[in-house]
Amino acid sequence: MAAHSQFVPAQGAQSGGADRPVALLPGLDKELMDTSANACVNFAQYACGNFAKLYPIPADMPSYGSFYIIYDHTEAVVHGLLDKLTDKSAQHTPDEQKIGDYYGSCMDEKAIYAEGLKPLQPELNRIAAITSRKQLTDLLAHDQLLNVNAFFTYGEQQDSTDATRQIAFVDQGGLGLPERDYYFRTGAAAEKTRQQYVEHVGNMLHLLGEPADQAAADAKKIMTLETALAKVSMDVTSRRDPHSIYHMMPVAQLAALAPVINWTGFLSDTGVNGVADLNVATPDFFKGMQAVIDSTSLDTIKAYLRWQFINSIPGYALPKPLDEEDFNFGGRELIGQPEQRPRWKRCTAATENALGEAVGQVYVASQFPEASKEYALQMVHDIEAAMSQEISNQTWMSPETQDKAEAKLKMVADKIGYPDHWRDYSKLDVIRGDMAGNAWRAAEFENRRELAKIGKPLDRSEWITTPETVNAFYNPPMNDINFPAAIFQAPMYDPNATDAENYGHIGAVVGHELTHGFDDQGSQYDGYGNLKNWWTPEDRKKFDDMTDCEVKEYGNFTAVDDLKVNGRLTLGENTADNGGIRLAYNAFLADAKRKGIDLTAKQDGYDAIQQFFLAFAQNWCSTERPQYVRLTVQTDGHSPDVFRINGVVQNMPEFGKAFGCTPGQPMMPVNACHVW
Ligand SMILES: [Zn+2]
């Protein structure tokens, strides 16, 4: 069960171009607003109409928005910290030294280019040495540790029905395109993407040393293989049902589904021994994968393994021609991003990826004042109190289910700023000048750390994100809400902004994450994080009817051209957006009462309630390239930003009242949806 984030950053991109302003926005930015628009007809336009003009999408980004301004700022700060640590003559702690060496190796473009294909050769030789399908077990186990998810994915997770247990899982995988539907969707745009993909695979294999004809022929065969895997893969919307991806079974049963792999040997190769059962998330996939491997020639399997291997390596660790080809498809064609990001940005992200909590420790020490944590705690408690009120206000819910919901709410753990215990990186070797080796060692270190949890007691204090991450999360099996230090920056949280603005910004984010515990997915987990029903059948039925209102509402929004928002795929996020603003609104009213804030007093021409809604909307000011919208509508659980504003305020009659709208106007419909 993946954690729910506030949003999905563009393709691992932490930020945009070097010369953009990184000044943080104020709590309410009047410059972003288009006051010639009618707030009751299109509030997104009213609150954010000038954003695109003021902040055009940088050439190295597929989209740009208010969140990215905070990213830009944070990235520049982290970059400054990393840069200082590359100085070999200065005194550093062992972790600081590793950070400096990792970042320094990544920045050493000359050394990486001079090495050429040499660092890749041992791995390519390993594939070349395969002479039978029997040898796939050891190779795939080795690959998984390096983040090469050929054929399937593998790792550790909490057991859905007993969240205190940490278990192994295997799941579908092995596709080079972003999602299964990319292999089957009809229409000119989808067909063009597939054709470009096959060309790209051929180009990469050619750059790895295959003659051009053979590379082109292999690419076609790889496409056939991947299409067959896609055919037996579960689609992204079906995967939202946690039951659909939970199938505990003995290892022997998995072996019966896919005997081509010696599963006990596979587990043991990755250091996992004595496992009796595991979660085979998608049993049909493994049965289908067996058939694909049976019916594909060993030569094609080996070409596919070469492709999956090279595709798993981040471009910055590759020789220049491969990096450029990688970006040409993954950046330019797939998401419409005209230019590659500057190397320092990619290397900053790479270092955070490899040594996240070590970087986090340095970041927190220099950037996160305790006062921010105190304000955040007060706000989180206000919002939890608002949720408690919301639960008891639900007249359709039986007292029995209300008590269970309340019990779950009381058990939510609040993780704010940074973890109590920092991760130990002492066993990770970082060697200055060996970029590819560092990337593999970091991947293996992290994968082994995860796998070592199998069979061990759960550590509820572990963090799933780093403090320098500009995002927020809810994790159903942990029943915790996570707010890293870096999200407490303007305009999300600004000590100089009004309380109305802070509650509209970070308050809505906190409310969003808390509501995830009670959306269509989260509500299937109890307070301990077990996938265990706590609803009466009648209450569940009524809940499903109410969420259907949101499925229809969002399913009617057009994202790009003829592509509509997928109301089912985005249901959890939409519920969280809608619940989040209501909780933040009620928490703000409680805060205002406590502090004696005059709600009618105007600042910048807006009263407190108007400031609240404007601040909320300005969380989601953004512009996206059309290709990127296509990608996100098919893969991302979040609705496009414009609907994260308009779809939400039209369900809040308090909004219509604050802006003097009349019932029946687009932002004040007669039949609003209300789940939480
Ligand atoms: Zn979310």
Side-chain angles (χ1 to χ4, degrees), residues 1-10 63 65-68 70-71 236-237 239-242 376 379-380 383-384 386-387 390 408-409 412-416 463-465 469-484 486-488 492 504-525 529 547 550-551 553-554 557 559 565-585 587 616-617 619-620 622 632-649 651 673 675-676:
M1 177 81 258
H4 297 267
S5 62
Q6 187 62 209
F7 81 129
V8 176
S63 68
S66 336
F67 258 91
Y68 288 101
I70 318 177
Y71 265 64
V236 65
T237 307
R239 289 180 61 85
R240 290 198 65 249
D241 173 5
M379 178 182 270
V380 168
I383 286 169
E384 286 168 346
M387 187 68 198
E390 180 71 11
K408 175 168 184 179
L409 174 63
V412 171
D414 307 325
K415 292 182 176 168
I416 295 168
W463 274 55
I464 52 166
T465 182
T469 302
V470 183
N471 213 332
F473 305 86
Y474 174 75
N475 189 12
M478 288 287 231
N479 192 26
D480 61 10
I481 46 179
N482 301 262
F483 305 101
I487 201 163
F488 296 103
M492 285 293 143
H505 281 298
I506 188 75
V509 169
V510 173
H512 172 108
E513 301 309 338
L514 187 62
T515 306
H516 269 314
F518 303 88
D519 69 17
D520 64 311
Q521 276 188 330
S523 62
Q524 299 184 51
Y525 292 82
T547 55
E550 288 178 346
V551 173
E553 177 196 354
Y554 285 80
F557 294 139
V565 174
N566 178 342
R568 283 247 153 246
L569 175 61
T570 57
L571 175 58
E573 294 300 336
N574 298 334
T575 302
D577 280 346
N578 280 275
I581 192 172
R582 190 177 307 278
L583 297 182
Y585 180 84
F616 162 75
N619 282 352
W620 304 114
S622 75
T632 56
V633 167
Q634 290 177 71
T635 56
D636 183 0
H638 301 83
S639 294
D641 291 340
V642 57
F643 308 120
R644 296 192 73 173
I645 302 172
N646 287 350
V648 168
V649 297
N651 290 329
C673 303
V675 178
W676 296 110

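FYI, side chains are in, hydrogens and waters are out, and symmetry mates aren't considered; it's all heavy atoms of this structure. Residue indices begin at 1 and follow the sequence shown. Every number for a ligand or one of its atoms is a count from 1 in the order of the listing.
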> Does the shortest distance from the Zn ion (ligand 1) to an N/O/S atom of His638 fall below 2.8 Å?
Replying inline: no
> By side-chain hydrogen bond (donor to acceptor under 3.5 Å, both in side chains), which residues pair with Thr465, not counting sequence neighbours?
Replying inline: Thr469
> Considering only N, O or S atoms, which atom of Glu573 is nearest to the Zn ion (ligand 1)?
Replying inline: OE1
>> Suppose we only allow N, O or S atoms; which atom of His512 ends up nearest to the Zn ion (ligand 1)?
In response: NE2
>> Looking only at the side chains, is there a donor atom on one of Asn651 and Glu553 sitting less than 3.5 Å from an acceptor on the other?
In response: yes
>> Listing request: all salt bridge (charged side-chain N to carboxylate O under 4.0 Å, His left out) pairs with a residue in residues 640-649, at least two apart in sequence or in separate chains.
In response: Asp577-Arg644
>> Can you classify the ring geometry of Trp676 versus Phe518 as parallel (below 30°), tilted (30 to 60°) or perpendicular (above 60°)?
In response: perpendicular
